[in-house]
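Worksheet for the structure shown next.
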Amino acid sequence: MLRLAEHHVVHRPLVALVGPTAVGKSEVGVHLAQALGTEVLAADSRQVYQGMDIATDKPTAEQRRAVPHRLIDLVAPDQRFNAGMYREAALRELERLYGERKLPLVVGGTGLYVRALIRGLCDAPPSDPAVRAELIDQARRYQKGFLHQELAKVDPEQARLLHPNDEVKIIRALEVQRLSGRPLSDVHRRHRSAVPVHSPLIFGLIRDRQSLYTRIEQRVDTFFMNGLVEETATLLAQGYDRESAAMKGLGYRQVAAFLAGDYDRDEAVRRLKRDTRHFAKRQLTWFRHEPAIVWVTVNDETRSERLAEKLATLIESFLAELADRPMQGADAVSLEAGGVTVG
RNA sequence: GCCGAGGUAGCUCAGUUGGCAGAGCACAGCCCUGAAAAGGCUGGUGUCGACAGUUCGAUUCUGUCCCUCGGCA
């Protein structure tokens with residue numbers, strides 16, 4: 001049980017546990033939350049949707065009884081959700097926890113959300129459905145490179161950064177330009193000099209690639225045994241269509257296609273396994289280049305409780321060091337060297 | 001044993017009218033700030049089953065052998 005002192009709270013400390021899907025974050029997270037006497041704040045762009053429980057691998061009832069989990073089930077599947085909304089909701093939870101003298105513990109695999117929380121978002125307007133719809137329509141009507149050329153006119157720097165095929169990001173850049181009148185590259189540049197307000201300690205969980213892939217495949221089989229097809233059918237019956245952001249998530253996308261007759265069930269399983277492996281790989285690339293992560297290698301013999309104890313010890317040193325730190329823009333921790341291996 | 005089909009990238013296969021071969025999947029690396037479980041980029045030397053023959057040149061033609069899968073015995 002750990003309670004923050006005032007000289008801790010001023011630094012706005014937080015611990016994050018990140019890593020690819022199926023690496024074992026949730027289990028370690030629960031034990032770590034228990035060791036620290038705190039709660040789990042999910043950083044997961046899919047667990048925010050109500051009624052989508054199986055393929056998002058939401059914490060079990062037992063886990064939620066053991067430790068409160070927040071930032072889950074925030075919106076219905078047809079509601080908009082994004083990194084900005086996540087950041088706002090998460091900041092509220094952080095302040096609440098500081099008020100209770102608890103150390104916030106963020107657990108999740110959505111790199112952008114973790115980054116948005118720790119480093120903040122740039123000062124760009126949130127997405128606007130009308131502007132976006134118009135841009136998407138333009139992309140459909142004109143030839144392939146049209147929007148990219150449009151972007152090159154108003155924000156050549158951003159256009160150079162984006163591949164002409166990357167329509168999603170090109171549309172976002174144009175959207176920002178239209179809504180704010182400022183080039184996105186400019187907004188980004190300004191944000192880079194912003195001073196972070198939190199003092200994060202980030203643990204990155206990794207394991208052998210083959211072992212990770214095996215766990216992914218086993219988990220997908222479990223999803224199907226646990227009724228993923230039925231859950232997806234229910235969501236579709238409730239009117240949440242295949243094109244919505246929520247239904248495009250892993251699991252629901254493949255099963256909806258199977259239910260629509262695009263391919264058979266085995267193919268849906270195969271694709272979900274494949275797409276999840278690809279996703280895990282993208283997560284690894286993202287986190288690998290995130291600065292100041294303390295890497296923690298786990299394997300099939302790793303006991304979550306023991307690992308949580310070990311991490312809790314590191315967290316205590318981190319807090320002790322933090323207390324000595326002059327109070328100003330909290331920068332990265334000094335624990336990063338070497339990494340940790342726990343058998 | 002005989003007849004047929006086939007042996008080409010980790011897998012499934014395409015192809016070369018003879019000029020050292022290419023797709024999908026798999027796999028690997030990367031980008032990313034309000035759609036992020038989304039979206040995008042890049043990466044192919046592999047005894048073309050083995051040996052011999054024909055040829056300037058064989059994975060491609062011919063012969064023998066080996067292996068796999070059918071069918072008949």
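Just so it is clear, the structure is predicted and the values come from calculations on it, not from any experiment. Letters A, B, ... mirror the listed sequences (proteins, then strands); counts begin at 1.
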[atom1]/[X] to [atom2]/[Y] distance, rounded to the nearest 0.5 angstrom?
X: A:Ile202; Y: A:Arg115; atom1: CD1; atom2: CZ; answer: 10.0 Å
X: A:Leu228; Y: A:Thr222; atom1: CG; atom2: OG1; answer: 11.0 Å
X: A:Leu212; Y: A:Leu284; atom1: CG; atom2: CG; answer: 6.5 Å
X: A:Tyr49; Y: A:Met247; atom1: OH; atom2: CE; answer: 11.5 Å
X: A:Leu147; Y: A:Arg140; atom1: CG; atom2: CZ; answer: 9.5 Å

Pair [X] + [Y], salt bridge at N-O below 4.0 Å:
X: A:Glu39; Y: A:Arg70; value: yes
X: A:Asp128; Y: A:Arg178; value: no
X: A:Arg207; Y: A:Asp300; value: yes
X: A:Glu175; Y: A:Lys169; value: no
X: A:Arg96; Y: A:Glu93; value: yes
X: A:Glu167; Y: A:Arg172; value: no

Sorted by number, the residues of [range] with heavy-atom contact under 4.0 Å to RNA chain B:
range: residues 204-230 of chain A; result: A:Arg209, A:Tyr213
range: residues 275-283 of chain A; result: A:Arg277, A:His278, A:Phe279, A:Lys281, A:Arg282
range: residues 110-126 of chain A; result: A:Thr110, A:Leu112, A:Tyr113, A:Gly120, A:Leu121, A:Cys122, A:Ala124, A:Pro126

So what does [X] hit on the nucleic acid, given a heavy-atom distance under 4.0 Å: a base, only sugar-phosphate, or nothing?
X: A:Tyr86; answer: nothing
X: A:Ser127; answer: sugar-phosphate
X: A:Arg270; answer: sugar-phosphate
X: A:His191; answer: base

What distance, rounded to whole Å, do you find between the two [atom1] atoms, one in [N] and one in [M]?
N: B:A23; M: B:A9; atom1: P; answer: 15 Å
N: B:G63; M: B:A5; atom1: P; answer: 13 Å
N: B:U8; M: B:C20; atom1: C1'; answer: 13 Å
N: B:G24; M: B:A14; atom1: C1'; answer: 10 Å
N: B:C65; M: B:C25; atom1: P; answer: 41 Å
N: B:G44; M: B:G22; atom1: P; answer: 10 Å
N: B:A73; M: B:U68; atom1: P; answer: 22 Å
N: B:C13; M: B:U55; atom1: C1'; answer: 30 Å

Regarding [N], can its base be found pairing with the side chain of [X] as donor and acceptor, where the two atoms are less than 3.5 Å apart?
X: A:His188; N: B:U33; result: no
X: A:Lys169; N: B:G40; result: no
X: A:Asn165; N: B:G40; result: no

In whole Å, what is the span from the [atom1] atom of [X] to the [atom2] atom of [N]?
X: A:Arg271; N: B:G24; atom1: CZ; atom2: C1'; answer: 12 Å
X: A:Arg87; N: B:A36; atom1: CZ; atom2: P; answer: 17 Å
X: A:Trp286; N: B:C41; atom1: CH2; atom2: P; answer: 18 Å
X: A:Leu135; N: B:G39; atom1: CG; atom2: P; answer: 18 Å
X: A:Glu167; N: B:A36; atom1: CD; atom2: P; answer: 17 Å
X: A:Lys144; N: B:G40; atom1: NZ; atom2: C1'; answer: 11 Å
X: A:Met52; N: B:A38; atom1: CE; atom2: P; answer: 12 Å
X: A:Ile136; N: B:A38; atom1: CD1; atom2: P; answer: 16 Å

According to a strict under-4.0 Å criterion, is [X] in side-chain N/O contact with OP1 or OP2 of [N]?
X: A:His163; N: B:C31; value: no
X: A:Arg132; N: B:A35; value: yes
X: A:Arg172; N: B:G40; value: no
X: A:Arg46; N: B:A36; value: yes
X: A:Arg288; N: B:C30; value: yes

Minimum heavy-atom separation for A:His188 to A:Cys122, with atom names?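 Minimum heavy-atom separation between A:His188 and A:Cys122: CD2-SG, 3.7 Å.
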Tightest non-hydrogen contact, residues A:Pro164 and A:Ile170, listed as O-CD1, 3.5 Å
Under 3.5 Å, is there a donor-acceptor pair linking the side chains of A:Asp73 and A:Gln47?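 Per modelled atom types, A:Asp73 and A:Gln47 side chains form no pair under 3.5 Å.
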Ignoring hydrogens and angles, state whether a donor on the side chain of A:Arg219 or A:Thr21 is under 3.5 Å from an acceptor on the partner side chain. yes
Just confirming the chi classification of B:G34, syn or anti, using 90° around 0 as the syn window.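 B:G34: syn.
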What residue pairs, at least two apart or across chains, pass side-chain hydrogen bond (donor to acceptor under 3.5 Å, both in side chains) with a residue in residues 259-268 of chain A?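 As it turns out, the side-chain hydrogen bond (donor to acceptor under 3.5 Å, both in side chains) pairs with a partner in residues 259-268 of chain A, which skip direct neighbours, are A:Arg242-A:Asp262, A:Glu267-A:Arg270, A:Glu267-A:Arg271.
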Taking Watson-Crick and G-U wobble contacts under 3.5 angstrom, with | marking pairs to another strand and [ ] crossing pairs, the secondary structure of RNA chain B is written (((((((..((((.....[..)))).(((((.......))))).....(((((..]....)))))))))))).
Distance-only criterion, 3.5 Å: show the donor-acceptor pairs between side-chain atoms of residues 78-85 of chain A and protein atoms not counting sequence neighbours.
{"from": "A:Gln79", "atom 1": "OE1", "to": "A:Ala76", "atom 2": "N", "distance (Å)": "2.9"}
{"from": "A:Arg80", "atom 1": "NH1", "to": "A:Ser127", "atom 2": "OG", "distance (Å)": "3.3"}
{"from": "A:Arg80", "atom 1": "NH2", "to": "A:Ser127", "atom 2": "O", "distance (Å)": "3.2"}
{"from": "A:Arg80", "atom 1": "NH2", "to": "A:Ser127", "atom 2": "OG", "distance (Å)": "3.1"}
{"from": "A:Asn82", "atom 1": "OD1", "to": "A:Gly84", "atom 2": "N", "distance (Å)": "3.0"}
{"from": "A:Asn82", "atom 1": "OD1", "to": "A:Met85", "atom 2": "N", "distance (Å)": "3.0"}

Using heavy-atom distances to pick each residue's nearest nucleotide on RNA chain B, tell me which of A:Thr56 and A:Gln158 is more 5'.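 With A:Gln158 and A:Thr56 compared, the 5'-side residue is A:Gln158.
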